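Inspection log for the structure reproduced underneath, given as structure tokens.
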2 protein chains.
Amino acid sequence: MAEKDAVREQIIQAAKKRFSHFGYAKTTMAEVAADCSMSPGNLYRFFPGKLDIAEAIATAEHEGHMGNMRGLSAADGKSVIERLREYFFEEMRYTYLMLEKNPRVYEMASVIAHERPQYANWMLANERKLLVELFDEAERNGEFRIDDKEFTAEMIQSATMKFRYPQLWSKLPLPKLERELDGVLKLLVNGLCAQRARTSPV
Amino acid sequence: MAEKDAVREQIIQAAKKRFSHFGYAKTTMAEVAADCSMSPGNLYRFFPGKLDIAEAIATAEHEGHMGNMRGLSAADGKSVIERLREYFFEEMRYTYLMLEKNPRVYEMASVIAHERPQYANWMLANERKLLVELFDEAERNGEFRIDDKEFTAEMIQSATMKFRYPQLWSKLPLPKLERELDGVLKLLVNGLCAQRARTSPV
DNA sequence: AGATTGAACGATTTGTTGAACGTTCAGAAA
DNA sequence: TTTCTGAACGTTCAACAAATCGTTCAATCT
């Protein structure tokens, strides 16, 4: 089984190279197979299909990203509010720069989003776990208390959707997006009424 | 000039019928011209091009919609917060039902959004005027006070983007969308911190 | 004169055909 | 037997041709 996993990894690496150089559509299973010194048919012993290879690549990427995010959100000496802020900023920059650097990534994301609609939901659910943990911590240290943490996390995701897929929604450059995200987060944290009270600015 | 406007209106009505029955792409300028008993070339004395006819249709629709919205937001005996809530709910339902009723509308919206990127911004700017007026009123009656009203309106639009183009973002049915919009608006109005203070629930 | 036409123009779309692709599986190799 | 191959299958894609469309403008009509 360790053997099988090693071959899977080899396939993933070969496909990753091809996908990011030539694009998902322009890469053929025969090419990936040749890169791994095997026949096209043999790929199907390791993956159900081409799209599943792309999904495996995306999942590895996502898990690495989530690792970074967990590190960021575990930073001591900062309030939960501060860490939430940094979380969403980092999230936006990460996506923005990745798509800006390599348009092929956008192609892969589009294909997966189109053919596997549930996949994006799975990633969002993963991120919510992290948010809920942050809410728990805020409750413990008395910073703020939320009744339905899972639901609130979902609402924050809804409200920051525009920044999770930055170049899908607007052609704005990163600095403008950052200014907007800043404004939205302030609203989400303080609300409209709090602007009057002017308590706990972000 | 009144004469010219009457012909423009006739063209708009003829095009509207064709666009919503057969779609924008499948409607030809020759057909619209024939419906108006004129030659294709003559259309260009009234509109610069096909897309401008679609834009005129969209603008008329948008202005009618804005009229309804102004009526809604002028309702006395309700707090500004309540009116804001109703505003965004009505906005979402309006779009959702329009696109659900007729898929051709979606095609037209897509074409305009793609070929005239500034058009959507113009509509958003119109809506912001209304929001700013509501903020002014909230300030007058002491409900809440916002420093940069234009910016705050923009931020609220950012945070509710998902609900302005409902079926673009999610395949969720209207009731689920309403529940989500409700949650997001609560966050925007009260913020995270206010959940602890539990003041002025929506 | 100004208003209107419709043939003509380049661009886009449509239709078609052959090649290339993802996937399968009978059989070869180990 | 288990692992792997590569030809075969139906589908999708690419390239080219023909038709159609949006748009223009010289000619026609009022």
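Because the structure is predicted, anything quoted here is derived from the model rather than measured. So you know, we letter chains A, B, ... as the sequences are listed, proteins then strands, and number each from 1.
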d(CG, L51(A); C1', dG22(C)) in whole Å | 12 Å
Polar side-chain atom of E107(B) near backbone of A25(B) as donor-acceptor pair, under 3.5 Å | yes
Check residues 111-120 of chain B and write down every donor-acceptor pair under 3.5 Å in which the side-chain atom is one partner and the other belongs to a residue at least two apart or another chain.
unit_1  : atom_1 : unit_2  : atom_2 : d
R116(B) : NE     : E55(B)  : OE2    : 2.6
R116(B) : NH2    : D52(B)  : OD1    : 2.5
R116(B) : NH2    : D52(B)  : OD2    : 3.2
Q118(B) : OE1    : N121(B) : ND2    : 3.4
Y119(B) : OH     : T59(B)  : N      : 3.1
Y119(B) : OH     : T59(B)  : OG1    : 2.7

Donor-acceptor contact present, side-chain Y24(A) to main-chain L51(A), <3.5 Å = yes
Nearest-Å distance for atom pair OH/C1', residues Y24(B) and dT12(C) = 13 Å
Separation of L43(A) atom CG from dC25(C) atom P, in whole Å?
-> 17 Å
Q167(A) side chain vs Y96(A) backbone, donor-acceptor pair below 3.5 Å | yes
Contacts of E139(B) meeting salt bridge (charged side-chain N to carboxylate O under 4.0 Å, His left out) (sequence neighbours excluded), chain-then-number -> R145(B), K149(B)
Would you say the side-chain atoms of E31(A) pair up with the backbone N or O of R18(A), donor to acceptor, closer than 3.5 Å?
-> no
K78(B) vs L72(B) side-chain heavy atoms within contact, under 4.5 Å = no
Would you find a donor on one side and an acceptor on the other, under 3.5 Å apart, between the side chain of T160(B) and the backbone of F163(B)?
-> no
Nucleotide N/O to protein N/O under 3.5 Å, stretch nucleotides 26-30 of chain D:
none

Report yes or no: is the cationic atom of K50(A) (NZ for Lys, CZ for Arg) under 6.0 Å from the centre of the six-membered ring of F19(A), at an angle within 45° of the ring normal?
-> no
Atom CZ of F46(A) and atom C1' of dT3(D) are separated, to the nearest Å, by 9 Å
F144(A) and F135(A) aromatic ring geometry - parallel, tilted or perpendicular at 30°/60° bounds | perpendicular
E143(B), E137(B), E90(B) screened by salt bridge (Lys or Arg N to Asp or Glu O under 4.0 Å) with R83(B), the one that passes = E137(B)
Residue-level proximity of residues 103-110 of chain B to DNA chain C when a heavy atom falls under 4.0 Å = none
Are I53(B) and K16(B) side-chain neighbours, meaning at least one heavy-atom pair lies under 4.5 Å?
-> no
Contact list for DNA chain C against residues 29-42 of chain B - heavy-atom distance below 4.0 Å = M38(B), S39(B), G41(B), N42(B)
Produce the list of close N/O pairs, under 3.5 Å, pairing protein atoms with atoms of nucleotides 11-15 of chain D; give distances to one decimal.
unit_1  : atom_1 : unit_2 : atom_2 : d
dA14(D) : OP1    : K26(A) : NZ     : 3.1

Might you point out which heavy atoms bring M69(B) and Y87(B) nearest each other, and give the distance in Å?
-> CE-O, 3.3 Å
Just how far, in rounded Å, is C1' of dA20(C) from CZ of F22(A)?
-> 17 Å
